Each structure stands twice: as structure tokens, then as C-alpha cells.
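In each ligand, atom 1 is the first atom listed, and ligand 1 is the first ligand listed. Computed from a prediction, not measured in an experiment: that's the story for all the values here.
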Amino acid sequence: MSAAPRKPWGGRFAEPTNAFVERFTASVGLDQRLAHHDIMGSIAHARMLARVGVLTDAEAGAIVAGLEGIETDIVEGRFTWQVALEDVHMNIESALVQRIGEVGKKLHTARSRNDQVATDVRLWLRDEIDAIDGQLRETMAALIERAEREAGTLMPGFTHLQTAQPITFGHHLLAWFEMLARDRERFQDCRRRVNVMPLGAAALAGTSFPIDRIYTAQLLGFDRPTENSLDAVSDRDFAIEFVAAAALLMTHFSRMAEELVLWSSVQFGFISLADTWCTGSSIMPQKKNPDVPELLRGKTGRVNGHLVALLTLMKAQPLAYNKDNQEDKEPLFDTVDTVRDSLTAFAGMLPGLIVHAERMRESARAGFATATDLADYLVRHGLPFRDAHEVVGQAVRRGVETGRDLAAFTLDELRSFSPLIGEDVFAVLTLEGSVNARDHLGGTAPRQVRAAAARARARLDNT
Ligand code: ARG
């Protein structure tokens, strides 16, 4: 057995930490995930200290080389994380001292784990936001491509999950695109507040050394240093707003997933998911279950939970840093993992999606989807809309009673509801007539869907 490692803060203590307390207060099991960014932050800090003359160039050089060696050890799986050293920061610092000797002890000059951890999390989250942005972008491009292909595919549009009016599947897919476009903007906006550097705030009040925070910020690619040292070490708003944006993204995925689940049922039959993207039942041989969209829907719950966890974590904390903040890691990490897997799942599902256009079209015919078109027709022939609504309502009632669609009525039958109706009504009652008529910005006409897809692509190219 090797001797227990010496804690960097051990000087004040006459007795060793209780074993339970050691485990209870440790975060290294989770925050070792920040190692790369912790080392990045330390290297920049050491370089800055040399620049302002707090370290010599030789000292900073030894520290940087030592940290780079540690990074290699970690990447190659040669690093041993120790719970007795509490967290990622003290594990790496202690390894540095072991590796390069006394000079390693100078790294922690003019900083604290409080500004260090806040910096690490921001650096890490910035990279994750960029990765999420890339995934979102690809998913959105796939939606545009599919929407263009399905610009003329007819399906029923729903309100209250009851047949409302005919729409095109391309239009529906572009509605999904818009949801994701707002999500992407939210992440990009959140990134601006993530990309601010706490280093230099030290424990809470700043440091007595002549640090150059602007230089460190530049080295680390931060937009600027934080303005207030107390706020710098205690703020976790950036994490909360990231998780809030993630919760909305997951809510959108959940809604889309719900539609995929419904549509792939035998009862709807609008789509099939690829075999490779589904699972079976151990008892019912006929089953092909949409597990992936179901899990997308289900995983929304955990991200919503993480948002509440973080809000609750912060709600009564006095300034400045409190150990409570260590609890931010699990919700934040799991949110990132869930979002990234969900993006992979959703994007992976799209190419294999088989659209049953005939079935969609047939379904759009049921439920009097073109009743509004008939009312609009009567309005164009001079009837006030409320009267037209009443007339068509009576025609629909007859249709329900006799089991026929409006388009199946004879002209004489239709004219019995209103003499304003002429032969040209039948063009209006077709599904194509209905969607083609909605030919304005934001409408479902195939022409508009193609134009909207082109605009969407241009938006994606510019951001
Ligand atoms: N592991 C800690 C955290 O995640 C690092 C900061 C600890 N600071 C302290 N003074 N105990 O928040």
C-alpha cells in the first residue's frame, strides 16, 4: 500500500480526513472529465505569470512541459486518479509536483480552485456548445433536404389531433427545422455569456500579484475577463441557461419523436423507420418498436430534471463560492451527453425514414380536410365567412351521415346548400387545390415550401 497522498491544503489540519468525508466531498470521479481544459487553463495561467514576472521563463517552461506530460498520461490511460486528492484540480497539481518537483508548487500562485473550476467548466462547455452547434447544423441540413423532396407530398394537418386541413409533408418538416433553428440561436447566444474568463478572481477577492487577465483571456480564446471577482467565482447562470436551452431542444425532440411514434403505427401508417433503427419484442413476433424516438421523448425528462436541479442548487447561495457548486457537474455533464446522443439519434433516424405517400394522401382525404376551402370559396362568391361556415357545416353533417367526402357530392347536392356553388368548386375541394391555394410566405403550397427550403439553406450557410 502506498502512503496516502498529501493534500495540498493539509497544513492547517492536525488529523486526517474522515474516510466518509473524503468520499462525500470528492468530485474527481466526475470532474476528471475536465482534465484537458484544466490543463489548458493552467498552461495559460503559467504563461501569464511568466509574462508579468511572477515566474521566470524557465519555471513556466518546466510547468508547461510537466502539464503537457500529464495530459499525455491521461490520454493514454496512464494516470491514476485519487479520491484522497478530492478533485481534478488537486490531482493534476499534485501529479505536477511529483513530476517536476518543487517548481510545480508555484503554479497555484495568484489563483484558487474557485476561479479555476469556473474557468474549466466554461472552457469545456464552450467546446461542447460548438460540437452541439455542428450536430444541429447537420441535422437541420438533413431536414431541409428531406423537406425539398417532400415539398409536394400531401398529408393531413392536425389540430387537436383531428384532421384539420391538408398540408405537405415538406411543410411539416420545415416546421421542425424552425424549432431547431431557434434552439441553435439559443445555444449560440448562451455561448457569448459562457465565453468570459473568471481566472484572476482567485478565491473571491482577486489577488495581490500583478496579473494580466486580458493576456490570459486571449491565450484561452475568451472574449474578455469577468468584471467582478465575487460574481466570477459564484456565477453558474451560464450553466443554467445552457441546460434551459437544452431542455427546450429536448422538448422539441420529444414532440417530433411523438409524431414519429404515432406515424409509424399501423393505425397511421404514414412512415416506417428503418429496421436498423428499431427493436423487436421478445414475446410478440410481429413487433417493430420505435424505441429510438420513444427514448428521445423519454430523455427529455432527465434534462428537465437537471434544469430544476441547477436552479435549486443556486437559489439560496450567498456570495461568493460555496461547495454546493460542485454539484453542478453531474446535471451539466449528463445534459451534454443526453443532448449529443439525442442529436445523433434524431439525425441518424432521418435518412432511413420511409414515407408512405399514398397512405398519407388517403388519410388526408378522410375527415373533410377541405371543408375550409369550400367555406373560402363561398366567401369569394360573396357570402360572409360566418354564413359560409354554417353552410359548409351543414354539408359536412350530410357527408358524415351518408359516409361521403364533400368532393363525392354531385353539383346539385352541393348547390342545395348554396346556390353560389358552381362547377369550379371541385377544383377547390381537391387536396392539391387546397395546398396550392395556400400560396403565400409561410404557407403550405409546394411552391412556398421549396422557396422556404431555399431560404432555410441560405440561413444555414450564413450562420
Ligand atoms: N471541486 C470543486 C468544485 O467543483 C472545486 C472548487 C473547490 N474549492 C474549494 N474551495 N473547496 O466546485
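Salt bridge Lys7/Glu86: absent, no basic N to carboxylate O contact under 4.0 Å. Of the charged side-chain nitrogens involved, at least one lies within less than 4.0 Å of a carboxylate oxygen, so that Glu102 and Lys105 count as a salt-bridged pair. At a threshold of 4.0 Å, the pair Asp31-Lys329 does not count as salt-bridged, since none of the basic side-chain nitrogens sits closer than that to a carboxylate oxygen.
Exactly one of Arg47, His37, Glu93, Arg111 qualifies for a side chain to side chain donor-acceptor pair (under 3.5 Å) with Ser42. That residue is Arg111.
Under a 3.5 Å cut-off, the side chain of Glu59 and the backbone N or O of Thr56 do form a donor-acceptor pair.
Listed by chain and number, residues touching ligand 1 at under 4.0 Å (heavy atoms only) are Ser27, Asp31, Asp87, His89, Arg113, Asn114, Val117, Tyr321, Gln326, Lys329.
For Asn289 and Thr279, the side-chain atoms include no donor-acceptor pair closer than 3.5 Å.
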